[in-house]
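Notes for the one structure printed next.
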Amino acid sequence: MKPDQWHFSRPELAAGYLDLFGLGLSSARTLFAQRRMGKTEFLLKDLIPAAAARGYLSAYVNLWDDDKEPAGVLVGALYGAIEPNWWARLARRAKSPVRKLKASGKIPAFGEASVEAELSEEDKKYVDTLLSDALKAFDSQPKPLLLIIDEAQVLAAVAHSNFAHALRAELDVRKDRLKVIFAGSSESTLRTMFGRSSEPFFNWAPLEAFPLLGRDFLEFMVKKVNTIAKHQLSMKHAVAAFDQLNSTPEFFRRFLERHLTYPFDGPDAALQFTKEHVFNNEQFKRQWTGLLPADRALLGMMAQGMVSDFHGQAAREQLGTLLGLPKAPPMNTPAHSLRRLQADNIVTKLAHGEYRFEDEAFAQWIREQGTLGDDAPV
Ligand SMILES: Nc1ncnc2c1ncn2[C@@H]1O[C@H](COP(=O)(O)OP(=O)(O)OP(=O)(O)O)[C@@H](O)[C@H]1O
Ligand SMILES: [Mg+2]
């Protein structure tokens, strides 16, 4: 594959994580940063190649690829890393539930197979077996493995609790050769996942903020742009633009693209254009208007973060007021709402009665609307 000309590589950051694992004092890390800040790009384009250069095998899995069946995706990624012919071998086994997993294309960055699980309830019992099979295959070869679990907060959902326990047990006994990076954008969910004693991954991996891209990234990009642009972009303009785009590398790249396409308009116009396009939140608006009133009211309450029990009398009374009802709605009103919101991947159930937004930016957007009068959701 052609290397990405616009990728700003971060070899020191990658080396830092690998050095840490090399020392043997810790075997796992959790990185969090808001959406679009460059986590996945770093993991795929910097960390994995650096790990390979040090003799690691690597397995990357993004649990959003199939958040209903993270077990299948993860087992597939492990096999892909450990055994080149895993798919053919497993599929030949007559009774193997793997026959029901089907290959779902390649992870483009490094060409390993991922799997999409189509497991029946009965098959789910076999997932633990599959996981331990995959890790036995790992045990039977000498290389260390770097396992990267992107959007790891999916594992915090109560629906995946059994698998999370099984995974943790398997990882526990292999800490010397199996290193794990968890990454995700939902800091609060990750904190729950690693910070609460009832959770399988309690205290398992220290949580740290993923170091954000800064001035050296801008210098790299500006230099590149100026090799092809007739109208040179100054660092001063670049810094101001990055700042106004919430220091988001993806948005900054859009700004550069606009600047390169319409050089005569100048950088201020390019920035104005980019801001209008990235901050218009069309998607949130569309999502919001597509929801039933009860679901909106409930999300509004959740965004404010004041409610702990959505089925309780107090919450239902609040819900009744928001919906203009004469009295509190019955228990199944919030129950149905929560079921719909989970099915639409808007909220995740972490534990009994405890719900979180999947995308914290949506919660933020809802809170912002709340102060805007007419269209206010709550
Ligand atoms: N090191 C980099 N060099 C150049 N561009 C980058 C870099 N990191 C990120 N970007 C740009 O930002 C975009 C978003 O990055 P990425 O998908 O890695 O973010 P993320 O933190 O994983 O976001 P999400 O939480 O939504 O998955 C990339 O597609 C790329 O355009
Ligand atoms: Mg990502």
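Whatever order the structure lists them in is the order used to number ligands and atoms, beginning at 1. Being a predicted model, the structure only gives us computed values, none of them experimental.
Nearest protein heavy-atom neighbour of atom 23 (O) of ligand 1: R36 N, 2.8 Å. The protein non-hydrogen atom at the shortest distance from atom 27 (O) of ligand 1 is E151 OE2, 3.3 Å. Of all protein heavy atoms, the one lying nearest to atom 13 (C) of ligand 1 is E250 OE1, 3.3 Å. The closest protein non-hydrogen atom to atom 4 (C) of ligand 1 is W6 O, 3.1 Å. Of all protein heavy atoms, the one closest to atom 25 (O) of ligand 1 is K39 NZ, 2.9 Å.
The residues D216 and R10 are annotated as not salt-bridged, no charged nitrogen and carboxylate oxygen being separated by less than 4.0 angstrom. In summary, D172 and R168 engage in a salt bridge, as defined by a charged side-chain N under 4.0 Å from a carboxylate O. Look at R54 and D19 and you find a salt bridge, because one of the NZ, NE, NH1 or NH2 atoms lies within 4.0 Å of a carboxylate O, short of that distance. A salt bridge links R254 to E250: one of the charged nitrogens lies within less than 4.0 Å of a carboxylate oxygen. A salt bridge links R356 with E354: the distance from a Lys NZ or Arg NE/NH1/NH2 to an Asp or Glu carboxylate oxygen falls below 4.0 Å. By the 4.0 Å N-to-carboxylate-O rule, R35 lies close enough to D359 to be salt-bridged with it. Residues K223 and E219 are not paired through a salt bridge, judged by the lack of any N-O separation under 4.0 Å between the basic side chain and the carboxylate.
The residue from R10, E41, R35 that puts a heavy atom closest to atom 7 (C) of ligand 1 is E41. Residue nearest to atom 15 (O) of ligand 1, selected from A361, A33, G38, S186: G38 (by heavy-atom distance).
Counted by atom type alone, Q283 and Q287 present zero donor-acceptor pairs between their side chains at under 3.5 Å.
Atoms of ligand 1 lying under 4.0 Å from any heavy atom of H7, numbered from 1 in the order shown and given with element: 1 (N), 2 (C), 3 (N), 4 (C). Within ligand 1, counting atoms from 1 as listed, the ones closer than 4.0 Å to a heavy atom of M37 are 19 (O), 20 (P), 21 (O). For ligand 1, the atoms closer than 4.0 angstrom to any heavy atom of T40 are 18 (O), 20 (P), 22 (O), 27 (O). Within the listing of ligand 1, atoms 3 (N), 4 (C) sit less than 4.0 angstrom from a heavy atom of F217. Taking every non-hydrogen atom of S185 and a distance limit under 4.0 Å, the qualifying atoms of ligand 1 come out as 25 (O).
Not a single N or O atom of L213, backbone or side chain, sits closer than 3.5 Å to an N or O atom of ligand 1. The shortest N or O to N or O distance between R253 and ligand 1 is below 3.5 Å. Residue F8 has at least one N or O atom closer than 3.5 Å to an N or O atom of ligand 1.
Taking the six-membered ring where tryptophan is involved, the planes of F220 and F8 are tilted, since the angle between them lies from 30° to 60°.
If you look at F32 and F182, their ring centroids are not closer than 6.0 Å.
Among the atoms of S185, none of the N, O or S atoms falls under 2.8 Å from the Mg ion (ligand 2).
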